Structures are given as structure tokens and as C-alpha cells.
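Every chain is numbered from 1 and lettered A, B, ... according to where its sequence line falls, protein lines coming before strand lines. All values reported here derive from a predicted model rather than from experimental measurement.
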Protein chains: 2
Amino acid sequence: MIKHNEIERENIMKIMSIPEIKEYLNNNGIKPSLPRIKIFEYLNNYKSHPTADEIYLALIDELITLSKTTVYNTMDLFLKHNIIIQILIEENEIRYDSLTSNHGHFKCIKCNKIYDFKYDLADISIKELNGFSLNEYHTYIKGICKNCSENK
Amino acid sequence: MIKHNEIERENIMKIMSIPEIKEYLNNNGIKPSLPRIKIFEYLNNYKSHPTADEIYLALIDELITLSKTTVYNTMDLFLKHNIIIQILIEENEIRYDSLTSNHGHFKCIKCNKIYDFKYDLADISIKELNGFSLNEYHTYIKGICKNCSENK
DNA sequence: AATTATTTTGTAATCATTACATTTAATGAA
DNA sequence: TTCATTAAATGTAATGATTACAAAATAATT
């Protein structure tokens, strides 16, 4: 069962300019301070599914007073306003993604890159879950990506 | 694409007696010491998808010299011999499952119970992953279970 | 400008997991 | 059985990501 193209397109989070990010944060009830804008920009435009620590390290050269607590606080704020999701793939680390529509993640065990992919679990009828109400779907797959396979 | 009943049945991990557990550990290259048998018994027969800490607390009254390190060591051993899997649903905790065949988990946000369910992601063709080799599938769903829905 | 509320920051605490060294138990040869 | 060797279990300390908390800086409001 394929979704409407319109709906799909809406849910693909594209690269955003600074003014677009400001507007996006405002529209979601978040005052767009400099750290918030930069953190969201990093998260959304690099699409690397970073940890809080990776975000901190990526931004500290530019925002030289940034603290790790601010990164964590900001992630909590973004989560509360539903503009990011947490993803769990490895124990001991939380990663973040600005693409909030339902999708899965593939992690390459060679290059460690995390890829997004679309899927719809609703396509599978799960008889054990009849009568259950399903809120959040999370799926990840581990393996070797095309790039790493081809480069032997 | 439904699997053979034979294969499915094989993959459903049933309640096991102590002698069966001993044999199972032996067959998988693990010397069946008392802590190992008891830990596996708890994991397999209660099917509660416990954390290491929960296993420790469940067994300490009976195995009064048990240490938490032993639980962790044993989980690592079981993992290395592929008789358990790790499951990640909440940040900050690793849970374990003695059912190693591909299946998903449903966590009820009311009663916190974790249910197993069968599914096969191979039923969905994921075009983004063409050319990728897929090794491990992990899926969890959060929501409200039938029991909690019915009891208002 | 003064006051108040919000945001950011640094330090310390928490807590699950791991590292490591020691003790205990099991195994096997003499 | 005893001694020597290996494996298993244990306790304590270290690690590292995340959170708590209080203070400092910034922004908004009167």
C-alpha cells in the first residue's frame, strides 16, 4: 500500500537555509536562538544521525562557548516539540534525526554510515498485535552498504 | 512469503526444564554451571526481556553469592554463542531475549510489558537498500497493549 | 534603566556497563 | 588423593553518556 506522493514529499526533510530553519523553529513554538539554529542546521543538513557529543564537537569551533549541557537541553526541547526523534542502534549512545516521519535506519558495519529508508510496517499484518494500539514504529537493519560491498 | 511451519516451530523458544537447558548450553559450547543455568532459565522461562540488573535481582535470593559482573559476563558469553540477543527499546538500558530468530518487540507504555511478535521485513521491498547486504533486523513498536486498552 | 523571564553554561552527580585483579571452583595428571 | 592448571565467579574501581542543579549571561518587558 503506497502512500500518496504528496504525503511522502511533505515528510522528506530537505536541506534548509538559516531563514527557513528560523521559521521552522518559530512555527514549532521554539525561539530560534543561535545555538538552537546551528544545532538544528547541523542535524538536518548533514543528516549524519549524530550523537549529542558529535554535535558538540562539530559546533564548538564556531560556537566557542557552547556547552554539552546546552546540546542535551536543546535535544530535549526539540524532542518535546516533536521536530526530532531519537534513534537507538548501538547500546550506550543516543542518536538524533530531524526526519520525524516513519522510516527505518540502516547502519553499515564497515563504514558506520547510517542510511534512512522508507518502509511501512502497516504493510505487514501482525496477528499477535490485534487489539493493540500502535504508536511508534522503530526499525533498524545492520549490514554492509552498497558502497562498502563494491569497494571490496 | 510465509516460512515453513517446521522452521517457524523450531524458532519458537519454549519453556525448558533444567536438563533441557543443560543440554542446550552444552550443544552450544557453553559449560552449564549453576549461574549459567539459572540465568538462562530466568531469561527463557519468564520471557520478560529483562535487563542485567533485573536478572541479578531475580536470582540473588537463591544464588546468594551471585555478582552483577557474573550476570554481565554470562550475557556476553551467551551473546558470543548466539543463544540470546540484545534488544534496545529505551535509552540507558540493554535487555536480553533468548528467542534469537527474527522477530519484533512491542512495548506497552502503560504496563511496560514487552511482547514478541513475528514479522518478516523481507516481505517489504525497500528500494533504498538495493545492493546492500542485510544481516540483522531489529524492530520495536510502542503503544498500548490489548489488556491495558480493555481495562480502561 | 531596572526588573523579570529565558537561555546558556560549568560542575558535580548518577547509573549502567566494563576493566581488572583476586578468589573460588573444576579438571586432569601424577 | 594431592598438586598443578585452567576456567568461572566475584568485588572493587574505572568509564562514559546523560542528567541535576545552581550560577551566569542574555533577551524581553515595564
Rounded distance in Å - CD (A/Glu54) to C1' (D/dT18): 15 Å
Atom-pair distance (CE on B/Met75; C1' on D/dA8), nearest Å: 16 Å
Length of the line joining B/Tyr56:OH and D/dA9:P, which is rounded to integer Å: 15 Å
Touch class at under 4.0 angstrom, heavy-atom based, for A/Thr65 against every strand present: sugar-phosphate
Straight-line distance of A/Phe78 CZ to A/Leu43 CG, nearest 0.5 Å: 7.5 Å
Using the 3.5 Å cut-off, write out each protein N or O paired with an N or O of nucleotides 19-29 of chain D and the distance between them.
none

Nucleotide interval of DNA chain C bounded by contacts with chain A (heavy-atom cut-off, under 4.0 Å): C/dT6 to C/dT11
Under 3.5 Å: donor-acceptor pair, side chain of A/Glu128, backbone of B/Lys118: yes
B/Lys47, B/His103, B/Gln86 screened by side-chain hydrogen bond (donor to acceptor under 3.5 Å, both in side chains) with B/Asp97, the one that passes: B/His103
Under 3.5 Å donor-acceptor, A/His81 side chain and A/Asn28 backbone: yes
Heavy-atom donor-acceptor pair, A/Glu54 side chain to A/Thr51 backbone, under 3.5 Å: yes
Check: B/Lys31 main-chain N/O paired with B/Arg36 side-chain donor or acceptor under 3.5 Å: yes
Aromatic ring proximity, centroids under 6.0 angstrom, A/Tyr115 and B/Phe132: yes
Residue met sooner reading DNA chain C from 5', once B/Asp53 and A/Leu34 are mapped to nucleotides: A/Leu34
Under 4.0 angstrom between B/Thr70 side-chain N/O and D/dT10 OP1 or OP2: yes
Flag, side chain of A/Glu23 to backbone of A/Glu20, donor-acceptor distance under 3.5 Å: no
